Amino acid sequence: MSKGEAMQKSEFHRGVQMRSRLTDNCDQRTSSSAQVKHGTTVQQSKSSSSTSSPESARKLHPRPSDKLNPKTINPFGEQSRAPSAFAAIYSKGGIPCRLVHGSVKHRLQWECPPEKLPFDPLLITLAEGLRETKHPYTFVSKEGFRELLLVTGAPEKAVPLLPRLIPVLKAALVHVDDEVFERGLNALVQLSVVVGPALNDHLKHLLTSLSKRLRDKKFKEPITTALQKLEQHGGSGSLIIIKSKIPTYCSICC
């Protein structure tokens with residue numbers, strides 16, 4: 001074999017080897033691309049199947065029936081809170097009056113004249129409603145309590161209920177809601193007008209709450225006015241009790 005033929009044969013073998021390596025590299029890239037594409041397809045398929053699963057669909061679009069399932073109800077949600085005792089009694093017609101919405105102000109319409117209604121337990125129930133914070137319970141309890149104390153014979157009916165009324169009024173006076181406290185304070189004054197000195201034996205249980213609220217400047221004036229009303233209707237005996245609990249109080253007689 002001549003030298004030229006040997007060189008051509010050597011070049012031919014190198015060309016074959018190079019094409020072989022290029023082919024192998026191309027096959028490897030094609031295989032890798034196919035694997036990546038296959039993995040992506042599988043991942044998309046898994047994602048699609050998980051999204052379209054019944055459990056996931058329920059999370060994205062809860063069914064109406066889920067609201068009835070105890071497992072799906074938030075025990076601390078507002079919709080799960082039981083109504084208060086007053087609200088429950090009112091909704092069942094236990095308060096013999098209804099709210100009439102007027103163009104200027106609301107009023108109560110009684111099913112029968114208030115003077116014919118028994119104070120026990122109606123007056124106590126209305127006093128319990130003073131702790132309500134939602135309409136119409138706030139208005140019904142406040143106005144109902146006031147109107148019931150205005151009927152003929154109210155003193156004779158209210159005095160025997162004082163041992164049960166005082167703890168209820170105290171609960172309103174220690175309430176964190178300012179409006180509840182104000183309703184309790186007004187109710188206390190209304191009660192003192194009706195029962196007079198009969199309130200003195202129970203007054204000490206309420207004055208501690210008033211003393212604490214006196215530290216708040218916005219309540220200083222209304223509480224002072226209320227104490228003056230208590231003294232006015234409770235007589236000299238009430239002044240001694242008030243001064244024992246609130247030493248800074250100045251008598252209306254001064």
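From a predicted model like this one, the values you see are computed outputs, not experimental measurements.
- The shortest side-chain heavy-atom distance between His233 and Val189 does not fall under the 4.5 Å cut-off.
- The nearest pair of heavy atoms linking Cys112 to Leu117 is SG-CD2, 3.2 Å.
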| task | Take Val180 and Leu130 through the test side chain to side chain contact (heavy atoms under 4.5 Å, CB included) and record every step on the way to the result. | result | CA-CA 6 Å; Val180 172; Leu130 296 172; 5.7 Å; no
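- Taking all atoms of both residues into account, the shortest heavy-atom contact from Tyr249 to Thr224 is CE1-O, 4.4 Å.
- Using a 4.5 Å cut-off between side-chain heavy atoms of Ile, Leu, Val, Met, Phe, Trp and Tyr, with links allowed through other members, Leu207 and Phe219 fall into the same hydrophobic cluster.
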Extract all donor-acceptor atom pairs below 3.5 Å that involve side chains of residues 91-101 and protein atoms in other chains or at least two apart in sequence.
residue	atom	partner	partner atom	Å
Ser91	OG	Ala87	O	3.2
Ser91	OG	Ala88	O	2.8
Arg98	NH2	Gln109	OE1	3.4

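- Residues His135 and His106 approach most closely at CE1-CD2, 3.9 Å, considering heavy atoms.
- Residues Phe181 and Leu173 meet the side-chain proximity criterion, which asks for heavy atoms closer than 4.5 Å.
- Residue pairs meeting the salt bridge (Lys or Arg N to Asp or Glu O under 4.0 Å) criterion with at least one member in residues 216-242, sequence neighbours excluded, are Asp178-Lys218.
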| query | Given the rule in the side chain to side chain contact (heavy atoms under 4.5 Å, CB included) test, do Thr138 and Glu179 qualify, once you have shown the distances and angles that lead to the verdict? | reply | CA-CA 9 Å; Thr138 51; Glu179 293 183 359; over 6 Å; no
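- The two atoms that bring Val174 and Ser209 nearest to each other are CG1-OG, 3.1 Å, heavy atoms only.
- Counting heavy atoms from C-beta outward, Leu162 and Leu191 have side chains that approach closer than 4.5 Å.
- Side-chain contact check for Leu199 versus Ile166: some heavy-atom pair is nearer than 4.5 Å.
- Side-chain atoms of Lys157 never come within 3.5 Å of backbone atoms of Pro118 as a donor-acceptor pair (strictly under, hydrogens ignored).
- The two residues Tyr90 and Pro136 make their nearest non-hydrogen contact at CE2-CG, 4.1 Å.
- A 4.5 Å side-chain heavy-atom check between Leu210 and Leu185 finds at least one atom pair inside the cut-off.
- Although no hydrogens or angles enter the test, the distance criterion places no donor-acceptor pair under 3.5 Å between the side chain of Arg183 and the main chain of Gly129.
- Minimum heavy-atom separation, Pro167 to Pro163: CD-O, 3.2 Å.
- Using a 4.5 Å cut-off between side-chain heavy atoms of Ile, Leu, Val, Met, Phe, Trp and Tyr, with links allowed through other members, Ile242 and Ile252 fall into the same hydrophobic cluster.
- Side-chain contact between Leu126 and Phe86 is present, with heavy atoms from C-beta onward closer than 4.5 Å.
- Cluster membership for Ile241 and Ile246, using ILVMFWY side-chain heavy atoms within less than 4.5 angstrom, is shared.
- At a threshold of 4.5 Å between side-chain heavy atoms, the hydrophobic network of Ile, Leu, Val, Met, Phe, Trp and Tyr places Val151 and Leu161 in one connected group.
- Side-chain contact between Leu188 and Leu230: present, with at least one pair of heavy atoms (C-beta onward) separated by less than 4.5 Å.
- Under a hydrophobic-cluster definition in which Ile, Leu, Val, Met, Phe, Trp and Tyr are linked whenever side-chain heavy atoms come within less than 4.5 Å, directly or via other members, Leu214 and Leu169 are assigned to the same cluster.
- At least one side-chain heavy atom of Phe139 sits less than 4.5 Å from a side-chain heavy atom of Leu108.
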